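Step one of this worksheet: look at the structure below.
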Number of protein chains: 2
Amino acid sequence: MSVTIRDIARKLNLSITAVSRALDGYPDISAATREKVRQAALEMGYVPNRAARQLRRQKTDTIGYILPVSSPQHTESFHTVFMEGMSEEAAIHRYDLLISTAPPSSPEEQSIYQSWIQSHKVDGMIINRIQLHDWRVHYLAGQLFPFCALEDSGDDLDYPRVEVANQAGMTALVQHIHQQGYQRPAFIGGPVNLKIQQDRLQGYLDGLQITGLPYDPLLVETSDLTGISGYLACQRLLSSNFPPDAILCINDDVAFGVMRAIHETGLRVGRDIAVTGFDGLQESGFTTPSLTTVEQPVHEIGRELIRILLAEIQNQSAIERLRRITPSLQIRESTQK
Amino acid sequence: MSVTIRDIARKLNLSITAVSRALDGYPDISAATREKVRQAALEMGYVPNRAARQLRRQKTDTIGYILPVSSPQHTESFHTVFMEGMSEEAAIHRYDLLISTAPPSSPEEQSIYQSWIQSHKVDGMIINRIQLHDWRVHYLAGQLFPFCALEDSGDDLDYPRVEVANQAGMTALVQHIHQQGYQRPAFIGGPVNLKIQQDRLQGYLDGLQITGLPYDPLLVETSDLTGISGYLACQRLLSSNFPPDAILCINDDVAFGVMRAIHETGLRVGRDIAVTGFDGLQESGFTTPSLTTVEQPVHEIGRELIRILLAEIQNQSAIERLRRITPSLQIRESTQK
DNA sequence: TAAATTCACTAAAACGTTTAAGGTAACTGG
DNA sequence: CCAGTTACCTTAAACGTTTTAGTGAATTTA
């Protein structure tokens, strides 16, 4: 078995209390003893047992995240970078990230939330891919359980979160498209109750208004955020009698599928028809032609979520509970004639 | 606070032992009592406290994985799907996945391993991106700590793992290239001590031998597995006096960068110069032109790793400890003249 | 009918920490 | 020189389970 606090105590002829407090740096242990204990702990390779500590402290030093997964194979590459950011920041604060998978709003998802929270598996949760009136927000807020969300559920509740200026980003894309001389931009969105869908669609509509471009409901298509669904949505758009000359996609993955579909018809992306993405994934710079997109600092967003959540857990009311992030327009070849 | 086993016991006038054993289905509790207890537990919303259970059982029902991260922003999309597969299979067995991040072979990585294992945070580890004579394999095997690895470290140790036929896959690519009439295939590999680098490079060399194509050391380049490094490596290859007419890449991400670099020189991928990837990421089907690659069932690999690891943890020696997986050649446009 | 066995349950210890409460010796101030 | 403080340490309880070793009653066996 591993070394426990008791072993150290026995070796140094101290009580386990003394050892525990020495290691935690309490002032009621003499400097000399503290040093001796630290030394011994190091030598003996002592590592505190997490379960015991958790049980006693009623804290887990772990934060939870549920990967939203729809169909197993098709996923948004967004997640990797996002999780890296989170786990990196968590590691800095000596917290761990606990992961599970569940389809959004499924019974599985609910039962994971219940079990994690009730069984004290995590000290806080990160919520991503928020929906309008998201049940998770209500549940967690109702339980007074610490959490931090990416985006707002539009419920007029005040909870800690990070918000990206999705709407403004999409509007900027429309304006850019307009400047480049495209006349008839379409929009391929995602599931209707997703917050980013609401925002980005609204940004598209705002953009049309500002630039004076016409709004045509036939130019608004839906995807499930994957490349394949983007591919199919694009085919539908292109087969219309009066097809668009630009396609704004809700994210980069959809845009990849769209570019593919356009390529297959023999049209040229950029010259014949503009395409834009959203997210700024690494791959977007390497497509042919390269993809104009709105780049979000996904890694940084992940880190910020953790930062805010940890402050929340530790009740540091000092820190701002709402962080707004402005994404940046990346103009590339897919929108050049 | 939440409902404990003690609350149920009090309510039903039973000992906590009886309640515990009833819930676990031991036969020394009468069926009637067992039913009453189950009912009460359900009504009261009882969820066992994980920390307490862990402390007593010396098990955590959690398995650990460290995301290998080199430079924060540039990551292989492989990981998302891989993690999804793992967490999905883990969830089925009611295990959780604990995640942290660390650069491969860094002191951070070592200290996470130490701390997780010594502090009993996890029951087993998954190892990915294995290197030759990987220290993790030696460490874990030395500690008799359960783990399961993707690929072999070439140490002649017998440990549970999943192996993908990387070498054969790469050889098949060379043969395909040769059939298509390309004469001078280059190879862009990765960090030299990475196992997949060894295997895929060897597969490339084998392919040359089998097809009778010439081997030229100048045609072997190195990347760090990212798109950008593939882009740069490709530029080096193309600027040589006697450039290749095909570029085999160690993975899809590198291939994306390569296609980009080729495009910028005005050459046409496929017609002028073939490109292949490895992994079969979703995006590889949507590039222009679409990318010939070797598709690994990444999701399934993740699941299989967990299956084997859990069997290991539970000492089910029945299950096979070595699973070989054959990837499949996906022939697409990037290798058509 | 007494001894042995089975059934259904309980008491108490244990897992490895943290912490509240307390104790003792040395030190301080008057 | 004695009461009060301080410095440093210890005892014991607690966190919520699981498990070992019983216990008493009912039932079976010889």
Side-chain angles (χ1 to χ4, degrees), chain A residues 1-38 40-41 44-62 94 115-123 314, chain B residues 1-38 40-41 44-62 94 115-123 314:
Chain A
M1 282 310 298
S2 4
V3 179
T4 78
I5 215 173
R6 185 163 268 114
D7 298 324
I8 302 181
R10 201 165 325 157
K11 179 165 177 190
L12 298 182
N13 256 321
L14 281 171
S15 70
I16 56 169
T17 306
V19 175
S20 171
R21 296 183 75 84
L23 290 172
D24 275 1
Y26 280 76
D28 61 355
I29 301 294
S30 74
T33 313
R34 188 157 51 227
E35 225 10 82
K36 259 196 312 194
V37 171
R38 288 225 170 106
M44 304 169 72
Y46 168 74
V47 178
N49 180 306
R50 300 290 282 251
R53 172 174 280 180
Q54 277 174 39
L55 181 57
R56 179 61 226 219
R57 281 208 188 141
Q58 305 285 59
K59 293 225 141 218
T60 65
D61 293 349
T62 302
R94 327 219 94 242
S115 127
W116 279 8
I117 290 167
Q118 307 239 4
S119 72
H120 301 276
K121 267 228 108 171
V122 298
D123 292 343
Q314 291 151 19
Chain B
M1 282 312 297
S2 5
V3 180
T4 78
I5 215 174
R6 184 163 269 114
D7 299 324
I8 303 182
R10 202 165 324 157
K11 178 167 180 188
L12 298 182
N13 256 323
L14 281 170
S15 70
I16 57 168
T17 308
V19 174
S20 173
R21 297 183 75 84
L23 290 172
D24 274 2
Y26 280 77
D28 60 357
I29 302 293
S30 75
T33 311
R34 186 157 51 227
E35 225 9 83
K36 258 196 313 193
V37 171
R38 287 223 171 109
M44 303 171 72
Y46 169 74
V47 178
N49 180 308
R50 300 289 284 250
R53 171 174 281 180
Q54 277 172 39
L55 180 58
R56 179 62 228 220
R57 282 209 187 141
Q58 305 286 59
K59 294 221 140 220
T60 66
D61 294 350
T62 302
R94 328 219 91 240
S115 127
W116 281 7
I117 289 167
Q118 308 239 3
S119 72
H120 301 276
K121 263 228 112 171
V122 297
D123 292 344
Q314 289 151 20

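Side-chain atoms are counted along with the backbone in the values below, which use heavy atoms only and exclude waters and symmetry mates. First the proteins, then the strands, lettered A, B, ... as listed; each starts at 1. Note that the structure is predicted; figures quoted are calculated from it, not measured.
- The listed nucleotides are C/dA11, D/dT17, C/dG16; the one nearest the side chain of A/N49 is C/dG16.
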Applying salt bridge (Lys or Arg N to Asp or Glu O under 4.0 Å), run through B/R21 and B/D28 and close with a yes or a no.
CA-CA 8 Å; B/R21 297 183 75 84; B/D28 60 357; 3.2 Å; yes
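- Put simply, B/S20 has a side-chain N or O that comes within less than 4.0 Å of OP1 or OP2 on D/dT18.
- In this structure, A/R34 and B/V47 both approach DNA chain D, and ranking their closest nucleotides by distance from the 5' end singles out A/R34.
- Between B/Y26 and D/dT18 there is no side-chain polar atom (N or O) within less than 4.0 angstrom of OP1 or OP2.
- Here the nucleotide nearest the side chain of B/L55, chosen from D/dT10, D/dG16, C/dT17, is D/dG16.
- A donor-acceptor contact under 3.5 Å is formed by the side chain of B/R56 with the base of D/dT18.
- The residue A/S30 sits close only to the backbone: its heavy atoms come under 4.0 Å of sugar-phosphate atoms, none of a base.
- Not one N or O on the side chain of B/D123 forms a donor-acceptor pair closer than 3.5 Å with the backbone of B/K59.
- With axes fitted over five pairs at each extremity, the angle between the ends of the helix from C/dT1-D/dA30 to C/dG30-D/dC1 is 50° (10° resolution).
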Dump the pairs, protein N or O against N or O of nucleotides 22-26 of chain D, anything under 3.5 Å, distances to one decimal.
none

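- Contacts of A/T4 with the nucleic acid, taken as non-hydrogen atoms under 4.0 Å apart, involve only primed sugar atoms and P, OP1 or OP2.
- Residue contacts for B/I16: at a heavy-atom cut-off of 4.0 Å it reaches a base atom on one of the strands shown.
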